[in-house]
Amino acid sequence: MKQVPEQLLKPYNSQEVETSLYSMWEDSGYFNPDNLKRTEKGPYTIILPPPNATGVLHSGHAVMLAIQDAIIRFKRMQGYKTLWLPGTDHAAIATQSVVEKKLQKEEGKSRHDYGREEFLKRVNDFVVASQNTIISQCKSVGSSLDWSRLAFTIDEERNLAVRTMFKKMYDDGLIIQGNRIVNWDPKGQTVISDDEVEYVEEKTKFYYFKYGPFTIGTARPETKFGDKYVVMHPEDARYKEYEHGQKLTVEWINGPIEATIIKDASIDMEFGTGVMTITPWHSMVDFELAQKYKLDFEQIIDKYGKLLPVAGEFAGMKIKDAREKIVEKLQAKGLVEKIEDYTHNIATASRSGGIIEPQIMKQWFVAVDKEFTHFGTITTLKQLMKKAVEFQSVTILPDRFEKVYFHWIDNLHDWCISRQIWYGHRIPVWYKGNEIYCDINPPQGEGWVQDEDTLDTWFSSGMWTFSTLGWPEKTQDLATFHPTDLLETGHDILFFWVARMIMMSTYALNQVPFKSVYLHGLVRDAQGRKMSKSLGNTLDPRDLSAKYGTDALRMALLVGNGPGNDLKLGEDKVKAYKNFANKIWNASRFVLEKTADLTSPASLSQEDQALYDAWKATKEDITGDIEHYRLHLASEKLYNYFWKTFCDVIIESHKVRIANNTDKESAQTLLLTLLREQLIALHPFMPFITEELWKYVKNSDDDLLIVSAW
RNA sequence: GGGCGAUUAGCUCAGUUGGUAGAGCAACUCGUUUACACCGAGAAGGUCGGGGGUUCGAGUCCCUCAUCGCCCACCA
């Protein structure tokens, strides 16, 4: 007769067991696929979306880790050679600005006071110091990541990969340098890509100014100094007396100027007066018009958002201050016809919040529409991205995001990849006079100067599935684990990241980066609001995990959380699964007590066999759910079966049978078998409590639950 | 301006291919001499946003309207 372990006599205490269980798993080496004994089903790989190296664990991370860990544990138990590869992200702009603020606050100096080299050293020190925080927090929620393969988006290996990729794309003519109109962020002092622009609604004024015989409409008087082209629709009857190319002299802000009439069908006759003047240096639309008709470009605003000498008396003023003054002056000259209230969207930089000022600048771009020869066929990067999803080499879950993805590709312009910040992968291009040199390593000889700019952080992130596996070297890992099986991430970075990974991987390897994409939603508070520090409604996963147990937290994040949908998380929900953990604990003790005198498994009675078969069917159902990434259903079914069927029905009836000695050994065998199998099935979702209980339920020759057969 | 999603019990949400409406929380009644009160038993609660259609049959498919939310877009 076995003794029921003393530990089971008190309620389940997650804090007492979690840390040591995690160490036990780590020590076992089973997080590393090379150490797995059963790998008959072949490789299964997930690369972890790298959290910011300087970040702390938030509920978004917790969801991501819970989902991926559940899938990885499931596959590992099924007998796959599972690799879940961790890493951290250098998050160029975000990290640099954090360190800049810190240095400003602590030492009162800007990055320029330190100089590039010293500043980068400071950033690196900061990153190294804070990196362990996020890593240990990932561990604390039970993530069975292979830490032996930990990567960093800007370490030496990844830098080599980035330089190699840049060079390859440069040689293929896919990375080009050009003077184009770009999104300049005066606050962050860098160019950003179209995807980093966020449109924010702004209430402002709409001004109607007299411009010679016309009335022009504008929301931005401060850009209008040099406006010498006046544009209207060729079929606008109101202006039919004027001809394209006609010149006339008009009185304007700082005196008379010679204006040229442009007729173009892109003008909306219904909007305003149907006439506008254009400012090609500071407007995307105007830029295109100017290119079309080969007009002059003149810069009006500098990179700090101040007016240039062309503004005459207004030179040096911030645009915001200048606007009023200019309107006043026009008013004094009698050129203001009317002013209306106006609501429109202004472009802001999503990171810094600065208002974007379009500028013409020399930058580096990835040409997405340019044809090139790719493994023997002519294609474009856009086509590569499109085909991967179109032909289902990559499937996106939920599938409605496939439409969103295609729509994004259709509207995609060349990707501006150069940034005027210091922290990041430096562009591997050197200049000497008019010579330009691009290679993985610096050129020989004197007088070469490297390009000052760094790369968009998503450039290196785009290579993440294969740079982490050793590319450009032909490593065993790359051959074994690429393409990866699943990318699980938030739908908010579908464009930034998912699309770029598909582009980079199909381009460089002629392989998709992953076979499936699983997009989870945002974690919101119980009222459905976005969690934010300013609202004070954030739920810290570390607190929840400490208070209710990691298993409870994980269940709360998984049950009912279908792909693509936002999850409303209240503390009540976590508490409910803490109760469930305790239920498992108590039921396990009870089963162990009632079966202590069972020496060897008995054959099942017909009735018990039927119950067992019903469980088998449930488990098969659950297996299918997990295989199709329906964790929200699988977890709920396990919960219901354990509580409603196993505890409330089977244990209740069988304890009577055991007491009355009716088919006792069959009853005992069934209880023990069902408990064992449910611990296995629950393990991917609630790894800690199940592994802990497994110690008491397993047979002597059984290994850890983490590697037990599903 | 385009696209997408949501609308199911008081609250938060499930409902995989159309086949007699589900869970958690809350509220109600009862129960504490033996697994668990972090519990059990029981009862209550829904014309599945409105309207129309397809079907033997619709929460599920189609059309339409309404409200809320998200994404995309260079109307000055």
Side-chain angles (χ1 to χ4, degrees), chain A residues 4 8-9 11-12 181 183 194-195 197-199 206-208 216-220 223-224 227 230-231 266-279 283-289 342 344-345 347 356 358 398 400-408 410-413 491-492 494-495 521-522 524-528 530 548-549 552 555-556 559-562 564-594 621 624-625 628-630 632-637 639-640 643-644 647-648 651-652 655 659:
Chain A
V4 174
L8 293 181
L9 296 177
Y12 175 60
I181 191 153
N183 306 298
D194 296 344
D195 295 289
V197 175
E198 206 173 283
Y199 290 90
F206 194 77
Y207 306 88
Y208 291 90
I216 58 152
T218 184
R220 299 205 58 189
T223 63
K224 301 273 132 195
D227 284 9
V230 56
V231 194
S266 67
I267 296 296
D268 181 356
M269 289 188 267
E270 308 293 315
F271 189 83
T273 56
V275 187
M276 67 173 189
T277 61
I278 59 170
T279 316
S283 157
M284 306 282 174
V285 200
D286 297 2
F287 178 82
E288 274 171 30
L289 269 177
Y342 185 53
H344 69 154
N345 291 331
I356 297 299
R400 65 187 145 92
F401 280 102
E402 292 185 359
K403 262 187 269 180
V404 179
Y405 175 85
F406 289 131
H407 183 250
W408 178 80
D410 290 341
N411 287 301
L412 187 63
H413 302 294
H491 64 67
D492 51 332
L494 178 63
F495 309 141
L522 237 57
R524 296 171 176 279
D525 74 0
Q527 279 99 55
K530 219 169 171 169
Y548 302 106
M555 281 297 275
V559 177
N561 185 14
N565 294 331
D566 289 352
L567 173 74
K568 292 197 182 89
L569 182 67
E571 210 168 319
D572 277 353
K573 191 173 179 189
V574 188
K575 200 176 160 191
Y577 291 104
K578 179 198 151 76
N579 294 349
F580 180 50
N582 198 48
K583 186 76 181 176
I584 296 172
W585 189 257
N586 286 322
S588 300
R589 176 183 63 236
F590 189 64
V591 169
L592 286 172
E593 274 171 12
K594 293 293 160 189
D621 192 25
D625 281 338
H628 293 94
Y629 303 123
R630 296 188 292 252
H632 61 302
L633 300 184
S635 49
E636 198 179 1
K637 283 172 187 169
Y639 174 91
N640 278 321
W643 204 314
K644 301 295 164 193
C647 292
D648 292 350
I651 291 184
E652 287 303 318
K655 75 179 177 193

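Residue numbering restarts at 1 for every chain, and letters A, B, ... go by the order of the sequence lines.
Between the NZ atom of A/K575 and the P atom of B/G24 there is a distance of 15 Å, rounded to whole Å. The distance between atom CH2 of A/W585 and atom C1' of B/C36, rounded to the nearest whole Å, is 13 Å. Residue A/F406 contributes atom CZ, which lies 15 Å from atom C1' of B/G3 at whole-angstrom precision. Look at CE on A/M555: it is 13 Å from P on B/C25, rounded to the nearest Å. A straight line from CZ of A/F590 to P of B/G40 spans 13 Å, rounded to a whole angstrom. For the pair A/L567 CG and B/G5 P, the computed distance is 20 Å after rounding to whole Å. Atom pair A/Y577:OH and B/C38:P shows a separation of 19 Å (rounding to whole Å applied). For the pair A/N345 CG and B/C72 P, the computed distance is 11 Å after rounding to whole Å.
At the phosphate of B/C74, neither OP1 nor OP2 sits under 4.0 Å from any side-chain N or O atom of A/N183. A/Y199 has a side-chain polar atom (N or O) that falls below the 4.0 Å cut-off from OP1 or OP2 of B/C74.
Rounded to whole Å, the P atom of B/U47 lies 8 Å from the corresponding atom of B/G10. B/G22 and B/U60 have their C1' atoms separated by 15 Å, given to the nearest Å. Going from the C1' atom of B/U12 to that of B/A26 covers 11 Å, rounded to whole Å. For the P atoms, the distance from B/C56 to B/A14 is 32 Å, rounded to whole Å. Taking atom C1' on both nucleotides, B/C75 is separated from B/A23 by 49 Å, rounded to a whole Å. With C1' as the reference atom, B/G49 and B/A9 are 15 Å apart, rounded to whole Å. Between B/A58 and B/G52, the two C1' atoms lie 14 Å apart (nearest whole Å). With P as the reference atom, B/U17 and B/C11 are 27 Å apart, rounded to whole Å.
With A/Y342 as reference, A/F206 is the one residue of A/Y207, A/F206, A/Y208 to meet the ring pair (Phe, Tyr, Trp, His ring centres under 6.0 Å) rule.
If you check distances only, the side chain of A/K583 does reach the base of B/C36 with a donor-acceptor pair under 3.5 Å. On a pure distance criterion of 3.5 Å, a polar donor-acceptor pair joins the side chain of A/E652 and the base of B/A35.
Here the nucleotide nearest the side chain of A/R589, chosen from B/A41, B/C36, B/A14, is B/C36. Comparing atom distances between the A/K637 side chain and each of B/A35, B/U16, B/G24 picks out B/U16 as nearest. Side-chain proximity of A/K644 to the nucleotides B/C72, B/G24, B/A35 is greatest for B/G24. Comparing B/A35, B/G15, B/C72 by their closest approach to the side chain of A/F495 singles out B/C72. Out of B/C4, B/C72, B/A76, the shortest distance to the side chain of A/T218 is found at B/A76. Closest to the side chain of A/W643, out of B/C39, B/C74, B/A35, is B/C39. In the set B/G5, B/C38, B/G24, the nucleotide with an atom closest to the side chain of A/R400 is B/G5. Considering only side-chain atoms of A/K224, the nucleotide from B/A76, B/C39, B/C4 that sits closest is B/A76. Between B/C38, B/C36, B/A14, one nucleotide has an atom nearer to the side chain of A/N579 than all others, and that is B/C38. Among B/G5, B/A76, B/C36, the nucleotide with an atom closest to any side-chain atom of A/F271 is B/A76.
Between the side chain of A/K578 and the main chain of A/A552, no donor-acceptor pair closer than 3.5 Å is present. With A/K224 contributing its side chain and A/T277 its backbone, the two residues share a donor-acceptor pair below 3.5 Å. Using a distance-only test at 3.5 Å, with no hydrogens or angles considered, no donor-acceptor pair links the side chain of A/D566 to the main chain of A/G521. In this structure, the side chain of A/N411 engages the main chain of A/H407 through a donor-acceptor pair within 3.5 Å. Without hydrogens or angle criteria, A/K573 side chain to A/V559 main chain gives a donor-acceptor distance under 3.5 Å.
How far CD of A/E636 is from CG of A/N561: 12.0 Å, rounded to the nearest 0.5 Å.
With RNA chain B read from its 5' end, the first of the two nearest nucleotides for A/V197 and A/M276 is the one closest to A/V197. A residue-by-residue look at A/D648 and A/K594 shows that A/K594 has its nearest nucleotide of RNA chain B further toward the 5' end.
At the heavy-atom level, A/Y342 lies under 4.0 Å from the strands shown only through sugar-phosphate atoms.
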